[in-house]
Amino acid sequence: MIDITLPDGSIRQYPEGTSSMDIARSISEGLARKVLAARVNGQVLDAARPINQSANLQLLTWNDTDGKNTFWHSSAHLMAEAVESIFPGVKFWVGPPVENGFYYDMDLGDRKMNEEDLAILEKKMNELAKQNNVYVRKEISKNDAINYFTEKGDEYKLDLLSGLTDGEISFYTQGSFTDLCRGPHIPSTGLIKAIKLTSVAGAYWKGDEKNKMLTRVYGVTFPSQKELDEHLAMLEEAKKRDHRKLGKELGIFTMDDDVGPGLVLWMPNGTIVIEELEKLAKESENAAGYKRVVTPHIAKENLYITSGHLPYYEDSMYPPMELEGQKYYLKAMNCPHHHKIFAAEPRSYKDLPLRLAEYGTCYRYEQSGELFGLMRVRCLHMNDAHIYCTKDQFYEEFRAVNEMYLKYFKIFGVDKYVMRLSLHSPEKLGQKYVNEPELWKETEALVRDVLIRTKTPFVEVQDEAAFYGPKIDVQIWSAIGREFTLATNQVDFAQGRRFKLEYTTADNKGETPLIIHRAPLGTHERFIGFLLEHYAGKFPLWLAPMQVKVLPISDKFLPYARSVADKLKKADIRCEVDDRNEKIGKKIRDTEMMKVPLMLVVGEKEMNEDKVAVRRQGKGDQGTRPVDELIAELVYEIKERKETEA
RNA sequence: GCCACUUUAGCUCAGCUGGUAGAGCAACUGAUUUGUAAUCAGUAGGUCGUUGGUUCGAUUCCGACAAGUGGCUCCA
């Protein structure tokens, strides 16, 4: 007999070789029906695998991440079976679970798959699922596996096998489909009740663009139709929050074919948001000892040769224009310009740290396939600054920058973010990264030290650094689950030397400063894109393009409405009177849809008492208030940049 | 840049197998003077993304290009 310890700490005894599924059944039939896999001593295994010694056991269902992943991975096998029946001779690469479903990469040879095929595949998958075929595991020797796939002519699985060692290789078969797979899998295909294949896309083999492009099919499955319906409804909801849709509806920005892809035209409403963000940034940068600078949009080729950007960045810069025998580039970054400002005057250690900030417009020739609404554009406003400091000052400066990030996150209510310490890859020194192994080690340690000493949670990733030094990227998630890099905070040990930047030390020697590149708000484009989704277009009062709309009950109260609006304007509140000849219900509806935070309804009663009937966006009638009292409250709410109303 | 898909009025979308387009909302005009999420009526608005081809005839079929969307690669 063996002892099985369950998650609640209880211990049960079973004969040796009992499977997780047997144990589930011994607890209850209902549980057994839901079991997808099991975690045995920390390892996720098929529920059918026998347990040969005493162990900790957790039965995994749809409610466990690992259960869900097993379900989706098994669904990928089911899809592969369907694909094989419709595209005989197809070769498969890998089919992992992902955040919302699964995919399988495949080589279809000369054939192509389009969206119509997805419907056919879906139908086939449903048929196969109904057969309720069992996923059967078989351990196999490496030689036998190689022979099997050599005979099949499957170079992809042979490639996978080359990385595996004999004794750990297994095949899984369900119905007519057999795949090289480490598992685990769910008990049988019948558990998959609802199937939706979402898209077909190309994906480079092993993620390398030099390799062949495989066909990738994405799908998602559920244990019931109800859950699939809910998932689809959630996607519909997410669409409503999409910044591209909201940006259009709220008159934030537009793009135009004649202007060019990735080039944003900021409309008046969007420009107000930009100006409010800049106001915030200027306030906090002034308080933190930054100085503002302004630099041109173009520079001679030589500047980028000196900075070292050209060999790394040329492909993502707009091609140069030639004037008077000189090549000029549109700037893709502000740093070289700022370095020249540093170099323009002799600097002493007493001048450091020197913090130069600019809302410069940069131009990056992003690949056409990368462009994406406001999140990825070709003309971007960076919330940029460069801090020149000594090694001794580094800790404090880097810490202060981090603090600024956190302050902004608090204002905007960003609570989900990850600081990602991005390091270089030693094998790419001299190609992707400047060849200074010692300096890399030193600065990476400096940055890590700041994060550890300030107790900032972070993850480390290799091969994500800038060419001139390590960085911290801040990953955030928009309300509809889109992940992207918002801010970046980079250390640069390379450009200072390349530009021969120097300051005079206390003992009268020349020393190269360390440089911190930082952009806590990232770019206006990406940040406003994020905010639109974050707030679902309902900006807090201080950011809202239109803060207050005054709604007269009828034309008779227009003069009073205008006098209220004038008072608001005098208090620097952005407001407008809805002077259309419409009923009050219509005015309210339209103003609600434009997501204006406050509506002031004025009619006979309000006019006689010098009051307004206040209505908050999405919250309905808030009662009647004296005008001056309300204005004082709004001014305070705006000044404090309150996220929601007091 | 690569793979797949999409492109019809300002917006959201109809338009069966080829016979030069239609709705709702928005806009404009008029009536209505309105009390907390759509008052009524009328008018105007489109060389059906661009460009080649097939055809007696193309919004519809085929090709190229452009832009957009979902991915891959890249990235703030």
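Bear in mind that the values here come from a model prediction, so they are computed numbers and not experimental data. The chains referred to below are lettered A, B, ... by the order of the sequence lines, with proteins before strands, and numbering in each begins at 1.
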[X], nearest nucleotide to its side chain (from [options]):
X: A:Met213; options: B:rA37, B:rG71, B:rG35; answer: B:rG71
X: A:Arg376; options: B:rC72, B:rA37, B:rC74; answer: B:rC74
X: A:Lys112; options: B:rA4, B:rC3, B:rG35; answer: B:rA4
X: A:Ile584; options: B:rC75, B:rU73, B:rU36; answer: B:rU36
X: A:Thr485; options: B:rA76, B:rU73, B:rG71; answer: B:rA76
X: A:Lys586; options: B:rU73, B:rG71, B:rA38; answer: B:rA38
X: A:Thr488; options: B:rG70, B:rA76, B:rG1; answer: B:rA76
X: A:Tyr204; options: B:rC2, B:rA37, B:rG71; answer: B:rC2
X: A:Ile553; options: B:rG71, B:rA38, B:rG35; answer: B:rG35
X: A:Arg526; options: B:rC75, B:rU39, B:rG71; answer: B:rC75

Within the structure shown, what part of the strands sits under 4.0 Å from [X] by heavy-atom distance: base, sugar-phosphate, or nothing?
X: A:Leu486; result: sugar-phosphate
X: A:Asn114; result: sugar-phosphate
X: A:Ala201; result: base
X: A:Tyr103; result: nothing
X: A:Ser199; result: sugar-phosphate
X: A:Phe372; result: sugar-phosphate
X: A:Gly603; result: base
X: A:Glu366; result: base
X: A:Gln367; result: base
X: A:Gly585; result: sugar-phosphate
X: A:Gly373; result: sugar-phosphate
X: A:Glu582; result: base

Using the [atom1] atom as the reference point in each nucleotide, state the distance between [N] and [M] in Å, no decimals.
N: B:rU60; M: B:rU55; atom1: P; answer: 16 Å
N: B:rA44; M: B:rA26; atom1: C1'; answer: 13 Å
N: B:rA66; M: B:rU51; atom1: P; answer: 15 Å
N: B:rU12; M: B:rU8; atom1: P; answer: 9 Å
N: B:rG22; M: B:rU59; atom1: C1'; answer: 13 Å
N: B:rU7; M: B:rG49; atom1: C1'; answer: 6 Å
N: B:rC61; M: B:rA23; atom1: C1'; answer: 27 Å
N: B:rG46; M: B:rA9; atom1: C1'; answer: 5 Å

Taking the nucleotide of RNA chain B with the closest heavy atom to each, which residue, A:Arg482 or A:Lys245, is nearer the 5' end?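 Final value for this comparison: A:Lys245.
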With nearest nucleotides of RNA chain B determined for A:Lys206 and A:Glu592 from heavy-atom distances, which residue corresponds to the more 5′ nucleotide?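 Residue closer to the 5' terminus by nearest nucleotide: A:Glu592.
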Donor-acceptor pair under 3.5 Å: do we get one between [X]'s side chain and the base of [N]?
X: A:Glu116; N: B:rA4; value: no
X: A:Glu370; N: B:rG71; value: no
X: A:Tyr365; N: B:rG1; value: no

Less than 4.0 angstrom from a charged side-chain N to a carboxylate O is my criterion; do [X] and [Y] meet it?
X: A:Glu606; Y: A:Lys611; result: no
X: A:Asp242; Y: A:Arg244; result: yes
X: A:Arg580; Y: A:Asp590; result: yes
X: A:Lys331; Y: A:Glu358; result: yes

Out of A:Phe493, A:Phe467, A:Tyr468, which one pairs with A:Trp440 under the ring-ring contact (aromatic ring centres under 6.0 Å, His included) rule?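 Only match with A:Trp440 under ring-ring contact (aromatic ring centres under 6.0 Å, His included): A:Phe493.
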Reference residue A:His524; test ring-ring contact (aromatic ring centres under 6.0 Å, His included); the match among A:Trp266, A:Phe530, A:Tyr359: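 For A:His524, the ring-ring contact (aromatic ring centres under 6.0 Å, His included) check succeeds only for A:Tyr359.
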Give each stem of RNA chain B as a range with a range, requiring at least 3 consecutive Watson-Crick or G-U wobble pairs whose two distances are under 3.5 Å.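 Stem list for RNA chain B: B:1-7 with B:66-72, B:10-13 with B:22-25, B:27-31 with B:39-43, B:49-53 with B:61-65.
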In whole angstroms, how far is the [atom2] atom of [N] from the [atom1] atom of [X]?
X: A:Asp257; N: B:rA67; atom1: CG; atom2: P; value: 7 Å
X: A:Leu598; N: B:rU36; atom1: CG; atom2: C1'; value: 14 Å
X: A:Asp105; N: B:rA4; atom1: CG; atom2: C1'; value: 14 Å
X: A:Met113; N: B:rG70; atom1: CE; atom2: C1'; value: 16 Å
X: A:Glu314; N: B:rG1; atom1: CD; atom2: P; value: 17 Å
X: A:Leu197; N: B:rG71; atom1: CG; atom2: C1'; value: 15 Å
X: A:Arg244; N: B:rG68; atom1: CZ; atom2: C1'; value: 9 Å

Ring geometry between A:Phe222 and A:His231 (parallel below 30°, tilted from 30 to 60°, perpendicular above 60°):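 The arrangement is tilted - the two ring planes meet at 30° to 60°.
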Mind checking whether A:His338 and A:His386 have parallel, tilted or perpendicular rings, split at 30° and 60°?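 Ring orientation of A:His338 relative to A:His386: perpendicular.
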Could you walk me through whether A:Tyr304 and A:Glu314 pass side-chain hydrogen bond (donor to acceptor under 3.5 Å, both in side chains), step by step? CA-CA 9 Å; A:Tyr304 301 108; A:Glu314 191 171 16; over 6 Å; no
Quick one, A:Glu249 with A:Lys240, criterion salt bridge (Lys or Arg N to Asp or Glu O under 4.0 Å). Give me CA distance, side-chain angles, the key distance, then yes/no. CA-CA 11 Å; A:Glu249 285 168 2; A:Lys240 291 184 195 160; over 6 Å; no
Check whether any side-chain N or O of A:Arg378 sits under 3.5 Å from a backbone N or O of A:Glu366 as a donor-acceptor pair, and report yes or no.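 Yes; at least one donor-acceptor contact below 3.5 Å.
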Does the side chain of A:Lys471 get closer than 4.0 angstrom to OP1 or OP2 of B:rA76 through an N or O atom?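 Yes, within the criterion.
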